[in-house]
Structures are given as C-alpha cells and as structure tokens.
Amino acid sequence: MSPAQPKRATSRAHPADPCTVVIFGAAGDLTSRLVVPSLYNMRRTGLLSDNFSVIGFNHGKMTDNAWKKNLRTALERFVGNSGGKLDEDDWAWLSAQMSYHAGDFDDLAAFHSLAARLREIERKRGTKGNVLFYLATPERFFGDVIEKLRDAGLVDDGGPNGEFWRRVIIEKPFGHDLASARALNERILRVLREDQIFRIDHFLGKETVQNIMAFRFANGLFEPIWNRDRIDHVQITVAETVGVERRGSFYEQTGALRDMVPNHLFQLLAMVAMEPPSSFDAEAVRTRKAETIDAIRPVQPEDAVRGQYGPGAVNGQLASSYRDEPDVAPDSVTETFVAMKLSIDTWRWSGVPFYLRTGKHMGRRTTEIAIRFKSAPFAPFRGTGMDAFGPDWLVLQIQPDEGISLQFDVKRPGPRVELAPVRMDFKYADWFRAEPNVGYETLLYDCMTGDATLFQRADMVEACWRAVQPILDDWSQRTPADFPNYASGSAGPASADTLLAMGGRSWRPLNTAAELNTRRTARPKADAPPAEKAPDRRATKKRATAKKAPRAASPGKTVAARKSAPTKRTSSPAKRPRKR
C-alpha cells in the first residue's frame, strides 16, 4: 500500500490572509501549550502569510525576550513530546514577528496604546489592517475585553465587505448556564456582528471529527441506513486518564458537565445526527447543526448520573481522590464524571437513544462515537443451536488512534453453524502522513480566512445550555451522598451502567475484563464515607496484572483474540450485561 498524501496538503494549499494575532492572556497555559505551537506548525506547513505578526497582551511587566524565551521552552517540550526537534529557522521567523504588550484588561489606555502599535505593525509588515483578537482568558473577562476593544476603535472594519477585517476568538466556557449564556451573547452582540465572533471548540479541529461529515455524505453506503430504522442507539464517550491537573480552583466552579457536555460532546453529537446540508457553506452546515441541537429534548434528572473519582490506580500508578487535589474542598460535591441519556425529536432519530459519558481518571484515554445497529431477523438461524446474534458496531475513533472500524458477525470455520465477531479497520496513520498538530491549526486558519463552519453561533450555544438546564437545576438543589463513587482507573460509577441496563443495553467496555469484573463485584455503597483508603500493594499488583489481560469482546482486538468472547446478550432488560 503506497502512502497517501495528507489532507492538509490539498485542502490547505494557500496561506491565510495577512493579519496580526493579538493574544489576550499571553502568559497563560493556553497560549504556551496550544496557541503558539499551532502558529509554529502553521508556519512549517505554509499556512501563515509572510505578512504576519503576533502581539501578546497580558497584565504584568515583561520584556519581549523574556516572553519569547518562556514560549520557546514550552514549544521545545511540545516538539520533543511529538518525537521531533525544533526547527530553528521556523522558530526564528515566528519569534521575529512576536512582541509583548503589557496592560490590564480593564485599562482603556492600554487598549489605545495597542491600537497605536497595530497601526505601526500594519505599516511595517503589511498586515492590511486585519486583526484576530484571541481571548485566551477566563470567562469573566470576555465582555470587558470586547467592550474595551470597541471603546478603543479596534473592532470597526466597515462591515462584512469592508477592506479589512476584525475578528474575535472566544474560548469556552461560553456561559455557565442558559441565563448567563444569553446575557453574554447579548452583551457581545451589542459590540460585534455574529460574523466577527468565532466561538472555538478544539474538538472540532481534529481531522477525524471533520471527517464525520465526509464519511456520512460522500459515501452512498452509509447514509441510507443512518436513521431510526437501522440504528438501535448511539454511544459517545470522552474518557480521560488525567485528573484535574492543578486546575482545582477552575474545576470546582465548573465540573464535568459544564466543562464537556454543552460544547465538546454536543458538537460531536451534532456532527453525527445533523441532516445533510445543501452545501458545505458555513451557514448551511451551522444551520443543520443548530436544528439538531435545538431538537434535543431537555434532559431530565432521572436520565443523568454524576460521579467523582476516589483513590485508585491509573496506568499502573497510584492516583489520589479528587478531594485530595490542590485547591479542591475536602468535602467537594463537584462532579468529575457525567453520563446521560438523551433523545432527539426528529423524524430521523425519534426513538433512538443517545448515551453520552465523560470522566476524568478513567481506566483508558479514548474519544469515540459508537453506533450500534439493530439486530437482523433471527428466523434463518432457528435450529442451529444459537439464540442471539452478536452486536454490529460502527465506531468512529477520534483519539488517540484515529480511525473507523466496523464490527459484524461471520461464520466460524467448521462444520457447525457458529458465528464469530470480526472487525474491519481503517487507521489514519496507515493511509496518511502524520502532521504534528495540537488541534488548533485548522481552527486558526479558518478564523484567518473567515470560514465559520466549525464554530458555534449564538443560537447553538443557547440551545446546548437549554438541553442540560434541568440537570443543572436539579443538581444545584441535591447534594450527592455517595461521593466519591468510582475508583480512579475504573470505568465510572455503577449508576452509569444502570442507566443503560434499564433499556437492556450496556456501555462498550472501557477497561480490561478483570477491571470490569472487579468494578462490578465491588461497587461502592451509597452510604460510604467520603474519604476512602488508598489501595494496598496487593490491590495495586492485581490491577497491574489485570492490565496485561486481553480485553473481552473489545473492538480493539483481533478476531483470534475474540473467539472465546461471548456473543450473546441477556434477553431480560433487568439483567446486567454478562461479565467478561
């Protein structure tokens, strides 16, 4: 098989518009870990204009050289982790375009001096007056910064067809509930036009997420069966092995639901469930996505569960409880895990449940969309000794091993009629050259070219919050009595299993068979004390041994590894899925 050219070489063939990128929060983690590495990668792949500059805006005095030295250190770490070496020529070019601007976010004088610097850069570097303002700041500064930009005359660009453009990138979270999202939209839209606002979600910068639409709408094989007639249910999982990573103060105010569901998970859901757009024009695509999100029936409290991780072992390493993390209250009731069942009230999806789950300190890092197809009629197999078929799955793997797999049944070789589950795999790494990226390169490029396809509109943001508002209201009034209710390194709390078992379904296995059996036979009690003892050495050794065991009926294994895996499902919805 000859290697194919990476998509980036064909779909991103020309440099973006000349512009200046102004980064508010220039000394923060987001800038050093994601934004600047993305700009470096864009320079390497020819996506940046030669007429380009970067201004870092942040409170606190700092020289240009000190700021760039800190960024270089972070960039070297990023490149090294990717198995490469810093390209000195590309870094020298990028750093030569960078300068630091000190100022407080509520200081109008600092914005007026920023305007003077932008005019100077326009004369020297030919940026044509185009400016992209990146708000890599906490949410509380969004409105203030945008209003100060207006007061300094920095957002006027003559309208959508003006000679130059001014655009603003806003990071999540965009509000913390429906009321705050509406208030923030109203405040920002008094200053900016909708076409100037780019609400960014780095999940949508991943090639495999963008490929969902191509996979659905470019292949006549799948779209005819992409509906309630052939699909039983859909599972969307975003599992992380990391904890809150020194972000305890942020996470205490946010939690897993606000951090992940109305943005990341709902964006994945919209890509899967949207109707075909009339074109790939930005507004046509965003309208279809908005219609899908708006059709989500508000999730009721009985269809959602929450969890918080306790002590355990992740990747063979002892892990502490969430309540023992820095800047976390010892009696915190903030959730680090969320699972929910939701319904989309459209002709295509009526009656098809969508199950979403996300959590930290899980047993395996994965992001996937798994589509379970309905079983075929069983009549032809009567008298063969079988009483059920195995599940048919189409799995879109977003990370870490990007690809698509299809699981189905075949006849096992031999004289008897026996079925065995097998899998067909496509891996991006097998067909395309990998380009180093952090997921922001495509999104930044789209901002510079004015393509809003991958960005949310105000109505989409509000529809997302509307869908989860009943849960937020309920959880704010009820204190969970069983936190922490899942061990670090597990697949989440037992109540998440019950959520699916009530409909006769089960989650796709996240961990090894031994870990799943341990979790299902040693469930935490509802009245357990908040603090749990750290696992002893024997428990740790047992988990380490379990990690070496083969997965049970997992799509990640070969056909040979699955021959002993059970292919039958329990017929009673009240029973738990068979232990693996």
Side-chain angles (χ1 to χ4, degrees), residues 12 14-28 30-72 74-75 86-103 105 110-137 145 148-149 152-157 162-169 196 198 200 438 440-450:
R12 295 290 186 258
H14 59 84
D17 296 349
C19 69
T20 297
V21 176
V22 178
I23 306 173
F24 291 92
L30 180 63
T31 299
S32 61
R33 187 169 53 90
L34 295 173
V35 180
V36 170
S38 295
L39 294 174
Y40 166 80
N41 286 337
M42 293 174 70
R43 168 62 184 178
R44 295 193 66 195
T45 53
L47 297 184
L48 290 181
S49 169
D50 291 334
N51 306 105
F52 176 78
S53 67
V54 179
I55 297 176
F57 191 118
N58 209 76
H59 58 354
K61 299 291 185 181
M62 187 184 298
T63 65
D64 290 353
N65 287 336
W67 181 54
K68 288 188 278 191
K69 182 179 179 180
N70 293 338
L71 292 176
R72 179 192 171 101
L75 184 58
L86 185 68
D87 188 306
E88 295 292 347
D89 291 338
D90 287 325
W91 170 247
W93 181 90
L94 182 60
S95 61
Q97 323 303 317
M98 301 171 68
S99 60
Y100 183 82
H101 186 85
F105 298 150
F111 284 78
H112 280 299
S113 61
L114 173 64
R117 178 173 286 197
L118 286 169
R119 289 192 294 270
E120 180 183 358
I121 288 174
E122 180 182 357
R123 288 193 301 269
K124 288 184 176 180
R125 296 182 179 161
T127 56
K128 299 184 178 180
N130 299 327
V131 185
L132 181 60
F133 299 103
Y134 197 126
L135 272 58
T137 70
V145 170
K148 289 295 184 295
L149 290 173
L154 288 172
V155 296
D156 298 328
D157 59 4
E163 295 182 359
F164 60 93
W165 51 258
R166 299 290 168 93
R167 298 171 185 146
V168 178
I169 295 178
Q196 291 180 287
F198 288 74
I200 198 167
V438 298
Y440 274 63
E441 292 82 356
T442 296
L443 299 172
L444 288 173
Y445 179 88
D446 287 348
C447 292
M448 295 174 188
T449 58

Quiz prompt | Pairwise side-chain contact, Val145 with Phe111, heavy-atom cut-off 4.5 Å (strictly under) | solution = yes
Quiz item: Among pairs that include at least one residue of residues 14-23, which meet salt bridge (charged side-chain N to carboxylate O under 4.0 Å, His left out), considering only residues two or more places apart or in two chains?
Solution: none
Quiz item: Mind checking what makes side chain to side chain donor-acceptor pair (under 3.5 Å) contact with Thr449, not counting sequence neighbours?
Solution: none
Quiz item: Gln97: what forms a side chain to side chain donor-acceptor pair (under 3.5 Å) with it, not counting sequence neighbours?
Solution: none
Exercise. Could you tell me which residues satisfy side-chain contact (heavy atoms from CB on, under 4.5 Å) with Leu443, sequence neighbours excluded, listed by chain and number?
Key: Ile200, Leu454, Phe455
Exercise. For Arg72, check side chain to side chain donor-acceptor pair (under 3.5 Å) against everything at least two apart and list the hits.
Key: Glu76, Glu88
Exercise. Apply salt bridge (Lys or Arg N to Asp or Glu O under 4.0 Å) to Arg125 and list each qualifying residue two or more places apart in sequence or on a separate chain.
Key: none
Which pairs of donor and acceptor atoms, one on a side chain in residues 113-122, lie under 3.5 Å apart (sequence neighbours left out)?
residue, atom, partner, partner atom, Å
Ser113, OG, His101, NE2, 3.1
Ser113, OG, Ala109, O, 3.4
Ser113, OG, Ala110, O, 2.8
Arg117, NH1, Ser99, OG, 3.4
Arg117, NH1, Tyr100, O, 2.9
Glu120, OE2, Lys124, NZ, 3.0
Glu122, OE2, Gly129, N, 3.4

Quiz item: Taking only residues two or more places apart in sequence or in another chain, which ones pass side-chain contact (heavy atoms from CB on, under 4.5 Å) with Arg33?
Solution: Asp29
Quiz item: Can you tell me how far CD1 of Ile23 sits from CZ of Phe57, rounded to the nearest 0.5 angstrom?
Solution: 13.0 Å
Practice problem: Apply side-chain contact (heavy atoms from CB on, under 4.5 Å) to Thr137 and list each qualifying residue two or more places apart in sequence or on a separate chain. | Solution: Phe24, Phe105, Leu135, Phe141, Phe142
Quiz item: If you look only at pairs with a residue in residues 57-70, which of them pass as a side chain to side chain donor-acceptor pair (under 3.5 Å), with sequence neighbours excluded?
Solution: none
Self-check item: Partner residues of Asp90 under the side-chain contact (heavy atoms from CB on, under 4.5 Å) criterion, sequence neighbours left out
Solution: Tyr40, Arg43, Arg44, Asp87
Quiz item: Which residues satisfy the side chain to side chain donor-acceptor pair (under 3.5 Å) test with Ser38, sequence neighbours excluded?
Solution: none
